[in-house]
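For reference, the structure discussed in these notes is given below.
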Number of protein chains: 2
Amino acid sequence: MFIIGKHMTDCSQSTKERILAAAGDIFGREGFKAATIRGIAKAANANIAAINYHFQGKEGLYAAVLENVFHQGFTRFPSKLGIEESAPPEQQLRAFIKGMFYRLLSRDGWGGLSGQGRLIARELLEPTPAFERILDKYIKPHKDRLVSILVAMMGKDIGPRYLLPCAISIIGQCIYYALAGPVITKIAVEDSPIEDNLDRLAEFVWLFSLGGIERIRLETTHTVDNTPLPH
Amino acid sequence: MFIIGKHMTDCSQSTKERILAAAGDIFGREGFKAATIRGIAKAANANIAAINYHFQGKEGLYAAVLENVFHQGFTRFPSKLGIEESAPPEQQLRAFIKGMFYRLLSRDGWGGLSGQGRLIARELLEPTPAFERILDKYIKPHKDRLVSILVAMMGKDIGPRYLLPCAISIIGQCIYYALAGPVITKIAVEDSPIEDNLDRLAEFVWLFSLGGIERIRLETTHTVDNTPLPH
DNA sequence: AAAGGAATAAAACAAATGTTTCAATTCTGC
DNA sequence: GCAGAATTGAAACATTTGTTTTATTCCTTT
């Protein structure tokens with residue numbers, strides 16, 4: 001055992017790293033405004049001044065946390081995780097959805113209910129200025145990948161008028177589990193988005209979406225130059 | 001023009017009502033912690049003391065707002081809005097989804113992005129003690145209605161193992177539009193959940209869900225006593 | 001080993017905020 | 001019209017919180 005300082009803190013991480021990790025958790029749990037730098041400092045076994053020293057204040061810390069969280073998440077679970085370009089698009093979609101569930105909800109990812117996954121939900125609800133960068137760097141490429149899979153499944157003639165809602169419906173199902181975890185647990189405890197259920201839930205969302213996509217595809221090819229959606 | 005007091009406020013509402021309305025908007029936009037009673041008082045043309053007088057503090061106000069918002073929302077757009085019991089379950093589902101979109105996103109409802117709809121999203125993300133009551137009184141009956149429609153569509157043999165995920169997928173799509181409105185607008189402006197798009201989006205989610213439900217139904221009836229979900 | 005910079009600790013500061021207090025005003029029942 | 005209750009207005013209070021300051025400790029370089 002090594003003695004680093006007068007406090008026996010975790011030697012494997014620097015103060016800056018400890019602050020980032022603790023801040024991700026606390027910002028996620030409590031939101032930007034409700035989180036306090038005192039609480040974060042305490043959780044990170046660090047001093048208040050260290051936060052302002054390394055991150056120039058609360059906002060700077062938040063921006064760094066956001067970048068860190070997304071970088072970690074998409075590094076451990078990339079958009080193309082387990083996707084082989086040669087595989088049929090249905091299987092690519094399957095891997096995409098599974099990737100989303102694990103990125104959002106697994107302990108190795110953003111930790112869903114108790115962790116940094118809620119940070120993402122919060123940004124969806126009320127984007128902060130720091131989120132603009134995240135959108136361009138992570139979210140849009142991620143969406144583009146899903147759209148390209150959908151194009152492979154539905155044909156090139158599908159316009160964005162149907163493609164994008166499809167993408168939204170698929171992503172929406174995944175994110176809803178991360179968002180509404182607490183309530184889902186209260187209403188349907190068997191489907192609580194905990195580690196043990198991720199595979200089953202991802203598989204379900206995949207099948208459900210396959211059906212939905214097929215239904216939309218049929219709808220758009222059958223009604224050629226009629227009203228796009230039935231009234 | 002009538003002179004009510006020294007301030008020329010809206011005569012049609014009592015102070016208590018004005019506070020409730022303003023608080024719903026501000027709590028929704030900023031969240032419980034970030035919202036300030038001073039800001040709410042100003043927006044309601046009321047005094048700080050009036051809030052504490054009528055609602056016994058910030059928490060009391062929040063509980064009252066939550067009850068008020070859900071009561072209003074489910075009064076104007078009941079669960080069974082436009083649903084005839086005699087209609088085929090597919091059409092009942094259609095009305096159910098349309099009702100959700102309008103309740104969550106229309107100006108007459110919770111106002112989506114700019115209004116009280118975000119309050120609901122916040123409660124899903126981090127339920128407050130005041131939400132327990134709301135769950136029992138509004139959410140669970142609402143869910144039960146959807147489940148009964150799904151039973152009518154998929155047959156009585158479908159167990160909760162498939163029923164509830166179906167319900168979650170459907171509700172998830174709807175709520176995601178209310179949650180992620182700001183980001184959707186940035187990524188797919190054509191599908192921004194604004195008043196003009198509600199009918200089209202609801203119709204899309206309905207069709208998509210019809211396909212999803214059918215796919216799940218097939219899956220569960222074909223693989224009788226096999227593994228419930230394909231590996 | 002010494003010096004200089006980097007990092008941390010502790011206290012102080014100023015602004016924001018929920019709550020309380022008390023006087024002034026308005027409303028209601030008689 | 002009046003008395004008492006209900007409501008509102010304005011100020012004061014105590015706490016929390018982000019930031020800054022100053023001194024001390026740790027680490028690297030020479």
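Order of the sequence lines fixes the chain letters, A, B, ..., with proteins taken first and strands second; residue numbering starts at 1 for each chain.
Atom CZ in A:Phe55 sits roughly 17 Å away from atom P in C:dA6 (whole-Å rounding). Here the P atom of nucleotide D:dG9 and the CG atom of B:Asn47 are 5 Å apart, to the nearest Å. Taking atom CD1 on A:Ile51 and atom P on D:dT20, their separation rounds to 14 Å, with Å as the unit. Taking atom CD of residue B:Glu17 and atom C1' of nucleotide D:dT7, one finds them 15 Å apart after rounding to whole Å. One interatomic measurement links the two molecules: OH of A:Tyr62 to P of D:dT17, which rounds to 18 Å at whole-angstrom precision. B:Asn45 has its CG atom 19 Å from the P atom of D:dT7, to the nearest Å. Rounded to an integer number of Å, the gap from CD of B:Glu30 to C1' of C:dT17 is 13 Å. Separating the NZ atom of B:Lys16 from the C1' atom of C:dC27 is a distance of 16 Å, rounded to the nearest angstrom.
Proximity of A:Glu190 to B:Pro160: side-chain heavy atoms (C-beta onward) are nowhere separated by under 4.5 Å. Annotation: side chain of A:Phe77 is not in contact with side chain of A:Leu104 (no heavy-atom distance under 4.5 Å). Side-chain atoms of B:Ile170 and A:Phe208, non-hydrogen and from C-beta on, do get closer than 4.5 Å to each other.
Every residue meeting the salt bridge (Lys or Arg N to Asp or Glu O under 4.0 Å) condition with A:Arg133, not counting sequence neighbours, appears here in chain and number order: A:Glu67.
Not one N or O on the side chain of A:Ser106 forms a donor-acceptor pair closer than 3.5 Å with the backbone of A:Arg103. With hydrogens and angles ignored, the 3.5 Å screen pairs no side-chain donor or acceptor of B:Glu123 with any backbone N or O of B:Phe131. B:Lys58 places a side-chain N or O within 3.5 Å of a backbone atom of B:Ala35 that can act as its donor or acceptor partner.
Residue A:Thr15 has no polar side-chain atom (N or O) positioned under 4.0 Å from OP1 or OP2 of C:dA7. Phosphate proximity of C:dA6 to A:His54: absent, as no side-chain N or O sits under 4.0 Å from OP1 or OP2.
In secondary-structure terms, DNA chain C builds stems of at least 3 consecutive Watson-Crick or G-U pairs, each pair having both distances under 3.5 Å, at C:1-30 with D:1-30.
The aromatic ring centres of B:Tyr176 and A:Tyr176 sit 6.0 Å or more apart. Within the 6.0 Å centre-distance limit, the rings of A:Trp110 and A:Phe70 are counted as a close aromatic pair.
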Under 3.5 Å, which protein N or O atoms sit close to an N or O of nucleotides 18-20 of chain C? Give each pair with its distance.
from: C:dG18; atom 1: OP1; to: B:Ala35; atom 2: O; distance (Å): 3.2
from: C:dG18; atom 1: OP1; to: B:Lys58; atom 2: NZ; distance (Å): 2.8
from: C:dG18; atom 1: OP2; to: B:Ile37; atom 2: N; distance (Å): 3.1
from: C:dG18; atom 1: N7; to: B:Arg38; atom 2: NH1; distance (Å): 2.8
from: C:dG18; atom 1: O6; to: B:Arg38; atom 2: NH2; distance (Å): 3.0
from: C:dT19; atom 1: OP2; to: B:Lys58; atom 2: N; distance (Å): 2.9

